[in-house]
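Numbering of residues begins at 1 and proceeds along the displayed sequence.
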Amino acid sequence: MGAYVSFLPEPGTRVPRTALESLAQADPRIAIGDVADQAAVAGVVAAAATAAGELDGRTAAIEGSGPICDALTIAVEDRGGTIVEMNGQADVLFAGAKMGAVDHALAEQLQVGTLVPYGPIPVTARALAILGRAGTTVVPDFISTAGPLFAWWPTGDSTPGVIAADAAAKITASLEEIADHPDGLFLAAAYRAEAFLATWQDSLPFGRPLAS
């Protein structure tokens with residue numbers, strides 16, 4: 001008999017959370033909706049602060065729009081940062097409106113110190129290479145977007161504030177552990193993920209989590 005696989009969808013740019021309400025009753029995750037969204041923002045902002053060296057006095061641009069971008073704006077300003085227009089120059093760029101949002105053409109125009117994903121695989125492989133040569137730190141999306149995991153399957157106190165703080169602390173610690181890797185944050189995180197995968201499966205998935 002084959003193994004059962006659970007499909008646990010999350011809303012996207014064109015899929016509001018209300019469209020998934022009929023599935024919520026059968027969802028095994030502890031906290032979805034607002035609690036998970038709060039943890040998501042907390043994790044992304046923590047990743048930005050860790051990779052960029054805090055946000056106080058820094059400029060930040062946000063690629064895309066929507067509720068998470070609005071929440072990021074508030075969170076960055078609460079930490080002393082300034083939101084600027086998406087004009088190619090900023091200390092921090094938050095990206096994630098769609099997969100491959102930052103391609104090689106856009107990467108060549110950017111002058112940003114740190115790129116932090118708030119959605120899955122927003123950077124293409126060619127863009128990663130270009131940004132690396134320009135000295136831009138690219139945070140791995142599979143770390144910066146991990147906040148909701150702490151809401152879905154909490155290990156302790158499940159109140160929203162505690163969950164968000166736990167997500168921020170764990171994401172910060174994960175990035176700090178690889179901060180000095182000579183190949184940069186993204187590849188360092190990929191190496192660690194691949195080493196972990198190799199402990200329980202014989203072959204690894206092809207490629208790395210980058211858009212084409």
Side-chain angles (χ1 to χ4, degrees), residues 7-52 55-56 58-87 90-103 106 110 112 114-123 138-154 158-172 175 209 211:
F7 175 55
L8 304 175
E10 279 293 287
T13 303
R14 297 175 180 83
V15 181
R17 190 173 294 282
T18 53
L20 304 177
E21 286 181 349
S22 61
L23 304 176
Q25 188 172 358
D27 199 317
R29 295 173 293 183
I30 298 299
I32 56 178
D34 290 344
V35 178
D37 292 343
Q38 290 173 32
V41 172
V44 171
V45 173
T50 303
L55 297 176
D56 188 21
R58 303 294 181 93
T59 58
I62 301 176
E63 177 270 327
S65 60
I68 189 170
C69 296
D70 295 340
L72 283 172
T73 295
I74 295 170
V76 168
E77 291 177 343
D78 284 347
R79 296 185 72 144
T82 301
I83 299 296
V84 297
E85 293 294 326
M86 180 70 183
N87 60 8
D91 295 317
V92 178
L93 170 63
F94 295 96
K98 64 179 181 178
M99 292 185 289
V102 181
D103 60 11
L106 178 58
L110 294 177
V112 296
T114 305
L115 189 151
V116 186
Y118 65 82
I121 50 176
V123 179
V138 179
V139 176
D141 61 287
F142 50 93
I143 293 181
S144 63
T145 64
L149 295 173
F150 297 87
W152 296 339
W153 294 286
S158 59
T159 57
V162 172
I163 288 174
D166 189 33
K170 296 288 177 43
I171 287 171
T172 295
L175 292 175

Heavy-atom closest contact (Pro160 atom, Val35 atom, distance): CG-CG2, 4.0 Å

Side-chain touch Leu110/Val102, heavy atoms, less than 4.5 angstrom: yes

Nearest-0.5 Å distance that lies between atom CG in Leu149 and atom CZ in Phe142: 13.0 Å

Electrostatic pair Glu63-Lys98, nearest N-O below 4.0 angstrom: no

CA sep, side-chain torsions, deciding dist, call: Val45, Arg79, side-chain contact (heavy atoms from CB on, under 4.5 Å): CA-CA 9 Å; Val45 173; Arg79 296 185 72 144; 3.4 Å; yes

Backbone of Pro120 reached by a side-chain donor or acceptor of Thr145 within 3.5 Å: no

Expected output: side-chain Tyr118 to main-chain Asp141 donor-acceptor under 3.5 Å: no

Reported OG1-to-CD1 distance for the pair Thr73 and Ile68, which is rounded to 0.5 angstrom: 11.0 Å

Working for side-chain contact (heavy atoms from CB on, under 4.5 Å), residues Ile32 and Asp27: CA-CA 9 Å; Ile32 56 178; Asp27 199 317; 4.1 Å; yes

Met99 atom CE: more than 12 heavy-atom contacts under 6.0 Å: no

Point-to-point distance, once rounded to the nearest 0.5 Å, from CG of Leu55 to CD of Glu77: 11.5 Å

Residues Val116, Thr114; criterion side-chain contact (heavy atoms from CB on, under 4.5 Å); working and verdict: CA-CA 6 Å; Val116 186; Thr114 305; 3.8 Å; yes

Value rounded to 0.5 Å, distance of CZ in Arg17 from CG in Asp37: 4.5 Å

Heavy-atom side-chain contact between Pro140 and Leu175 under 4.5 Å: yes

Exercise: identify the closest heavy-atom pair between Pro28 and Leu8: CD-CD2, 3.5 Å

Taking every non-hydrogen atom, the tightest pair across Val41 and Ala71: CG2-CB, 3.7 Å

Residue pair Ile163 / Ser158, side-chain heavy-atom distance below 4.5 Å: yes

Validation row: Pro117, Ser144 side chains within 4.5 angstrom (heavy atoms): yes

Separation between CD of Glu10 and CH2 of Trp152, rounded to the nearest 0.5 Å: 4.5 Å

Polar side-chain atom of Asp91 near backbone of Arg58 as donor-acceptor pair, under 3.5 Å: no

side-chain contact (heavy atoms from CB on, under 4.5 Å) evaluation trace for Leu115 with Val139: CA-CA 6 Å; Leu115 189 151; Val139 176; over 6 Å; no

Separation between CG of Leu93 and CG of Leu106, rounded to the nearest 0.5 Å: 7.5 Å

Heavy-atom donor-acceptor pair, Thr172 side chain to Ala168 backbone, under 3.5 Å: yes

